[in-house]
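What follows is a set of notes on a single structure, which appears directly below.
The model shown is predicted, which means the values in this text are computed figures rather than measured ones. Naming convention: chains lettered A, B, ... in sequence-line order (proteins, then strands); numbering from 1 in each chain.
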Amino acid sequence: MKAETFEQKVKAIVSKIPKGKVLTYGEVALKAGSPGAARAVGTLMKGNYDPTVPCHRVVLSSGAIGDYNRGGSDEKIRKLRSEGVLGKTDTRITWA
DNA sequence: TAGTTGACCGGAA
DNA sequence: ATTCCGGCCAACT
């Protein structure tokens with residue numbers, strides 16, 4: 001076995017996020033095997049973004065968007081609206 | 001090895 | 001409703 005870093009695990013999980021859906025950092029961390037490591041997830045993202053990892057589909061559990069290494073929250077929101085996750089004027093995630 | 005940092009989370013004032 | 005605080009985890013220096 002090899003000791004994979006969270007970076008590898010998180011990347012695999014985030015890349016598995018279906019289109020039109022978003023996960024929170026806490027959810028990703030939970031699936032990564034470490035519940036509560038939401039900060040660690042963000043830490044890895046900011047230093048390791050990948051074209052195969054739609055990190056723009058990862059948002060804060062509070063409903064906020066969070067930051068983005070590719071154009072700020074504005075670009076991130078814009079992508080989420082393109083996915084249909086956010087409304088045309090919505091800038092926050094809304095769960096049922 | 002230990003210390004610091006950070007795209008967070010949740011509760012309290 | 002907004003703002004402040006502490007806590008959690010992993011990576012970086």
Outer limits of DNA chain C sitting under 4.0 Å from a non-hydrogen atom of chain A, read 5' to 3', are C:dG7 to C:dA11
inquiry  = Is there a path of hydrophobic side-chain contacts, each under 4.5 Å between heavy atoms, that joins A:V41 and A:I17?
reply    =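 Cluster IDs for A:V41 and A:I17 match.
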inquiry  = What I'd like to find out is whether the side chain of A:R70 reaches to under 4.5 Å of the side chain of A:H56, using heavy atoms alone.
reply    = no
| message | Within the 4.5 Å heavy-atom criterion, are A:M45 and A:V53 side-chain neighbours or not? | response | yes
Check: Got a donor-acceptor contact below 3.5 angstrom from the A:R81 side chain to the A:K88 backbone?
Finding: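 Indeed, once roles are kept as given, a pair shorter than 3.5 Å links the two residues.
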Of A:N48 and A:P35, the one whose nearest nucleotide on DNA chain C sits closer to the 5' end is A:P35
Open item on the list: Which heavy atom of A:A37 sits nearest to which heavy atom of A:F6, and what is that distance?
Closed with: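 Distance-wise, the nearest heavy atoms are CB-CE2, 4.0 Å.
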**Request:** Would you name the heavy atoms of A:S15 and A:P54 that are closest together and state the gap between them?
**Result:**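 Minimum heavy-atom contact is CA-CD, 3.8 Å.
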Roughly, in whole Å, what's the span from [atom1] in [X] to [atom2] in [N]?
X     : N     : atom1 : atom2 : result
A:N69 : B:dA7 : CG    : P     : 11 Å
A:I77 : B:dA7 : CD1   : P     : 17 Å
A:R70 : B:dA7 : CZ    : C1'   : 15 Å

Heavy-atom contacts, protein to nucleotides 8-13 of chain B, under 4.0 Å, summarised as B (base), S (sugar-phosphate only) or - (none) per nt, yield BSS---
### Query
How is A:I65 classified with respect to the nucleic acid when contacts are heavy atoms under 4.0 Å: base, sugar-phosphate, or nothing?
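It contacts nothing in the nucleic acid.
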